[in-house]
Amino acid sequence: MAGVAAIESAPEHRMSVAYDDVLRWIRKFAAEVEANKESLTQLDAAIGDGDHGINMQRGMSAVVAKLDAQAGDQDVGALLKTVGMTLVSTVGGAGGPLYGTLFLQMGTAASGKGELSPDDWAGALEAGIAGVENRGKAEPGDKTMIDALVPGRDALKAALGGGATFADALRQSAAAAEQGMRDTVPLVARKGRASYLGERSAGHQDPGATSSHLLLEAAAETWGESE
Amino acid sequence: MAGVAAIESAPEHRMSVAYDDVLRWIRKFAAEVEANKESLTQLDAAIGDGDHGINMQRGMSAVVAKLDAQAGDQDVGALLKTVGMTLVSTVGGAGGPLYGTLFLQMGTAASGKGELSPDDWAGALEAGIAGVENRGKAEPGDKTMIDALVPGRDALKAALGGGATFADALRQSAAAAEQGMRDTVPLVARKGRASYLGERSAGHQDPGATSSHLLLEAAAETWGESE
Amino acid sequence: MKKLINKPDAVVTEALHGIAAAHADLVNVHFNPNIIVRADAPVQGKVGLVSGGGSGHEPMHGGFVGPGMLDAACPGEVFTSPTPDQMLDATKAVNGGAGVLHIVKNYTGDVMNFEMAADLGQSEGIEVEAVVIDDDVAVQDSLYTAGRRGVGTTVLAEKICGAAAEERQSLSEVAELCRKVNANGRSMGMALTSCIVPAAGKPTFDLGEDEIEIGIGIHGEPGRERVKLAPAAEIVERLTRPILEDLPFEKGDQVLAFVNGMGGTPLLELYVVYNDLNRLLGEHGITITRNLIGPYITSLEMAGCSITLLKLDDELTRLWDAPVKTAGLRWAA
Amino acid sequence: MKKLINKPDAVVTEALHGIAAAHADLVNVHFNPNIIVRADAPVQGKVGLVSGGGSGHEPMHGGFVGPGMLDAACPGEVFTSPTPDQMLDATKAVNGGAGVLHIVKNYTGDVMNFEMAADLGQSEGIEVEAVVIDDDVAVQDSLYTAGRRGVGTTVLAEKICGAAAEERQSLSEVAELCRKVNANGRSMGMALTSCIVPAAGKPTFDLGEDEIEIGIGIHGEPGRERVKLAPAAEIVERLTRPILEDLPFEKGDQVLAFVNGMGGTPLLELYVVYNDLNRLLGEHGITITRNLIGPYITSLEMAGCSITLLKLDDELTRLWDAPVKTAGLRWAA
Ligand SMILES: Nc1ncnc2c1ncn2[C@@H]1O[C@H](COP(=O)(O)OP(=O)(O)O)[C@@H](O)[C@H]1O
Ligand SMILES: Nc1ncnc2c1ncn2[C@@H]1O[C@H](COP(=O)(O)OP(=O)(O)O)[C@@H](O)[C@H]1O
Ligand SMILES: [Mg+2]
Ligand SMILES: [Mg+2]
Ligand SMILES: [Mg+2]
Ligand SMILES: [Mg+2]
């Protein structure tokens with residue numbers, strides 16, 4: 001599923017991601033969602049309604065179909081918006097508006113760009129997360145996807161600010177998202193369907209945080225691979 | 001559950017059954033139905049609708065309650081009619097009209113009698129069975145209660161005709177009913193709910209034949225005991 | 001056994017109390033013997049319609065008592081035919097001077113109990129006719145069996161005859177109409193899971209995780225064959241083909257298609273079944289002009305469905321469309 | 001998983017084709033995006049009523065589209081909120097110039113998707129109001145949660161607001177009425193068994209042979225507590241007490257009592273439950289003046305029930321009694 005035979009640019013230190021790299025990241029994320037469909041659904045069954053993996057898989061396979069069908073115009077912003085729109089109209093549930101908004105806002109931030117510098121990436125991610133926060137009103141600690149995204153974003157910015165290579169920064173971002181995801185386990189949910197459970201939601205990992213970790217990990221794996 | 005403290009008349013060879021003996025037979029049958037409720041129901045589940053034991057138990061416990069409540073007037077015929085009426089209005093299903101008719105017709109045959117001679121008993125049984133045949137239109141071999149009752153009746157008459165004691169005749173009657181009951185196993189049902197199964201009804205013992213065997217066996221045990 | 005009940009042998013009585021409390025505008029419930037009677041019975045000059053059977057098939061029959069359908073229903077114990085005293089009381093309660101029709105499902109118990117009741121009714125001077133419904137093609141109809149079971153067509157007969165009685169058709173006309181409905185209706189059912197009779201406390205039959213029973217009866221009686229779980233379209237084909245061949249239904253026929261839920265199957269799935277049925281009948285040139293989809297003649301919590309087709313003409317269509325006001329079926333003109 | 005389906009991910013589409021074929025007199029079904037629209041929509045001058053939610057709760061919402069109730073329903077995937085494009089299309093299809101009310105069940109997904117749709121509708125010049133139903137007392141209502149779930153009261157709100165819209169009440173009036181229904185309705189549910197989402201293929205949760213879940217959600221979300229199977233009367237007590245305390249309902253109140261089947265529970269048992277509920281409310285001096293009993297807001301094949309009480313006044317009673325003509329609820333004046 002890694003898809004499109006993109007010619008690997010393979011610099012010692014990658015300084016940006018091109019349109020095709022973004023495409024590869026989306027496809028990688030789609031593949032990860034596919035591979036983790038079952039486990040995401042199981043996580044959701046424990047504290048939600050058992051459909052997060054199914055929903056995300058339906059959405060991301062629609063995204064891939066869409067991307068397969070339409071020739072891109074090399075505009076990363078437009079690409080991300082297409083992803084967002086497709087998710088909004090195919091996922092439904094909480095995941096649809098949230099992931100849809102994430103990509104739509106990232107797209108707006110990256111509007112007109114043919115490639116993203118590390119700072120562009122950080123900016124887009126920041127905008128996307130702000131969109132999610134605005135739409136869902138969740139704060140860190142509410143046991144949602146925010147709990148993976150925010151640490152991921154913060155680690156990325158800190159690493160880049162500290163002079164790390166992009167690949168390193170991506171890896172630290174993914175690692176922080178993973179930690180954030182794991183840290184949702186003891187939390188009591190305060191947003192989304194899991195919040196209905198009250199104390200009974202503690203002891204389970206949040207499915208949305210899990211898929212969000214997959215998203216940032218896909219970026220690290222796709223863009224950090226060639227160092 | 002053997003109930004009423006009937007003074008045992010205990011003749012070497014019992015020559016008749018008194019009102020209280022008939023009462024003890026009815027109660028004995030009720031106790032047997034109670035004890036075999038589960039297994040009758042299981043037999044019915046295999047080739048019917050799984051309620052024969054439940055139905056007969058509901059009916060016979062209503063009969064016992066009725067008999068407990070009303071003082072008998074020593075008329076065996078009236079007693080048997082009461083049993084029949086009670087079964088008709090409490091059992092339902094196929095068992096209700098069939099057992100109801102059996103007792104009603106036995107009651108008509110025994111009308112006004114304070115006790116039954118062996119021939120009276122044979123005559124009552126014959127009348128009852130004729131009623132069942134008339135109501136249900138089943139013939140021997142159709143895999144119904146008729147397949148226990150008819151051999152039971154025939155063996156009784158043959159034994160009495162051959163000069164057997166009443167107790168012996170009753171035991172031969174019960175044994176023949178038991179054999180008839182067992183012989184229903186290979187039969188393909190042609191009447192009642194089991195007939196819907198066609199060939200699939202073969203290999204199972206008929207529940208109605210099983211309860212009918214209990215009825216004749218209860219007579220043998222109640223009236224044959226004291227020899 | 002997991003059920004919303006108090007005591008297994010009080011289920012029917014308690015449910016009847018619930019019905020009495022819920023539908024006092026439509027029915028009166030009498031106890032000992034148990035009958036559900038139309039609130040304004042007897043309707044003078046109207047043929048009284050009485051049906052009945054074991055409980056556990058709700059809304060049939062009690063949910064079909066009311067203007068335009070039944071005048072009384074006799075609920076037996078779960079899956080057990082009611083008794084003649086119930087039927088006699090019902091017959092007396094709904095006799096408005098134009099006679100009473102007994103609509104009887106063809107089960108030995110039901111037939112015999114209704115026979116006894118009809119005899120008793122006649123002997124009290126009430127004109128009683130009985131029509132036996134035997135529409136289940138899963139069962140061989142032969143001199144050597146009790147004949148076919150009465151299933152889905154019963155619901156349609158009760159509705160259609162109810163409308164005719166409301167029009168003040170005579171007892172012989174309503175009875176003749178009932179025979180016509182029975183002659184033109186065919187059904188077959190299937191089960192994904194067993195039902196559990198409360199008094200028995202365990203499933204009536206066992207089906208493997210990938211098995212289904214084709215030709216099941218509404219009391220969990222085993223059917224024609226036990227086969228592997230299959231897609232809905234294939235199951236619809238297996239149920240419909242024998243129905244079509246039996247009447248036979250032919251190209252150009254207009255039918256009422258009744259997709260019935262057995263009790264435990266979601267409505268969503270019944271619509272999937274209806275979709276497959278609609279397509280299949282289309283392929284045979286048969287047009288569905290009326291339909292009924294939902295759990296109307298159930299088998300407790302059994303998962304599964306049955307399909308009933310009734311060949312329609314103008315008369316049957318008109319009577320089907322006529323107003324009905326019951327707890328289970330309700331529409332205006 | 002034993003279901004009457006063809007392919008797990010085609011269930012909703014195929015069922016919609018079934019609905020389209022079955023109820024062409026009442027509704028039109030549009031595909032991609034999927035919506036079920038009243039056949040004569042848009043009704044000029046009438047507020048359009050749109051609801052929607054995940055599928056698997058049938059007859060809600062698609063079965064409630066028709067005169068006197070909803071103008072359109074947006075069916076999502078099974079148990080998954082529909083998407084804003086569905087809601088936008090529905091909003092446009094039913095806009096008769098008097099504005100459109102979105103009746104939204106309080107789930108994060110439903111709320112966010114309907115919000116996006118309302119924004120889109122407004123930006124196309126349609127006046128849209130949304131009312132969120134959150135009546136499930138099983139869930140703590142707090143600033144620190146997503147609030148209470150929307151369950152049984154939704155059905156009642158759709159019926160009552162549908163009648164008000166039919167009377168040509170204005171958008172703000174119908175919205176206000178919807179808030180009033182929500183404010184006066186309380187629900188709680190329980191499960192005996194789990195449902196099975198077709199795409200998941202296995203039970204959403206496991207319950208032991210003697211366990212039940214009190215406070216279950218209609219998507220199989222775990223409830224308040226898992227307890228041992230108990231008699232119906234005790235379960236009714238456990239569901240009703242929190243409902244009564246919450247509003248609170250008081251001596252002298254008149255209520256609509258809605259005993260809802262979750263999908264896999266026989267109607268017979270729902271009447272047992274209704275009987276216990278009727279007695280319990282009587283003990284509290286509360287009178288049931290209207291009732292609804294049956295599977296109306298289901299959770300696929302889940303066995304169990306929910307109880308909804310709605311405090312009635314003359315206005316609500318009148319609107320409840322007003323005619324309705326949908327596949328799922330139907331009566332004349
Ligand atoms: N208000 C919110 N803000 C951010 N994320 C949320 C919010 N509500 C829910 N989520 C996320 O959505 C996930 C569930 O998504 P999904 O299962 O697709 O939707 P649904 O709950 O509608 O079935 C949760 O695990 C959580 O991470
Ligand atoms: N026509 C008939 N004649 C005689 N006995 C019959 C007939 N039909 C059924 N039976 C007997 O009735 C029994 C079933 O009784 P029961 O289970 O109480 O009734 P139902 O079949 O209505 O559930 C059968 O096992 C059979 O012995
Ligand atoms: Mg979910
Ligand atoms: Mg039986
Ligand atoms: Mg029976
Ligand atoms: Mg969901």
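Naming convention: chains lettered A, B, ... in sequence-line order (proteins, then strands); numbering from 1 in each chain. All values below come from the heavy atoms of this structure, side chains included, with hydrogens, waters and symmetry mates left out. Note that the coordinates shown come from a computational prediction; the quantities given were computed from them, not determined experimentally.
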Within 6.0 Å of NZ in Lys137(B), more than 12 heavy atoms from elsewhere: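 Atom NZ in Lys137(B) is packed in, count exceeds 12.
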Crowding at CD, Glu199(B) (>12 non-hydrogen neighbours, <6.0 Å):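 Result for CD/Glu199(B): open.
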Contact origin within [X] toward chain C - heavy atom pairs under 4.5 Å:
{"X": "Val91(B)", "answer": "backbone"}
{"X": "Ala138(B)", "answer": "neither"}
{"X": "Ala46(B)", "answer": "backbone"}
{"X": "Ser201(B)", "answer": "neither"}
{"X": "Asp49(B)", "answer": "both"}

With the side chain counted from C-beta on, respond yes when [X] and [Y] share a heavy-atom pair under 4.5 Å apart, and no when they do not.
{"X": "Met116(C)", "Y": "Arg135(B)", "result": "yes"}
{"X": "Leu197(B)", "Y": "Glu221(C)", "result": "no"}
{"X": "Leu98(B)", "Y": "Met112(C)", "result": "yes"}
{"X": "Arg58(B)", "Y": "Asp9(C)", "result": "no"}

Inter-residue atom distance Arg224(C).CZ - Tyr196(B).OH, 0.5 Å rounding: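 Rounded to the nearest 0.5 Å, the CZ-OH separation comes out at 15.0 Å.
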salt_bridge(Arg200(B), Glu213(C)) N-O dist < 4.0 Å: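 Yes, Arg200(B) and Glu213(C) are salt-bridged.
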Proximal component of Pro82(C), with respect to chain B [non-hydrogen, under 4.5 Å]: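 Only the backbone of Pro82(C) comes within 4.5 Å of chain B.
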Region of Phe205(C) that comes under 4.5 Å of a non-hydrogen atom in chain B: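 Neither the backbone nor the side chain of Phe205(C) comes within 4.5 Å of chain B.
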Contact leader toward chain B among Gly76(C), Gly54(C), Gly223(C), where contacts are heavy-atom pairs under 4.5 Å: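 Most heavy-atom pairs within the cutoff with chain B belong to Gly223(C).
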Test log, rule side chain to side chain contact (heavy atoms under 4.5 Å, CB included), inputs Lys202(C) and Gln42(B): CA-CA 10 Å; Lys202(C) 49 189 171 190; Gln42(B) 275 313 103; 3.6 Å; yes
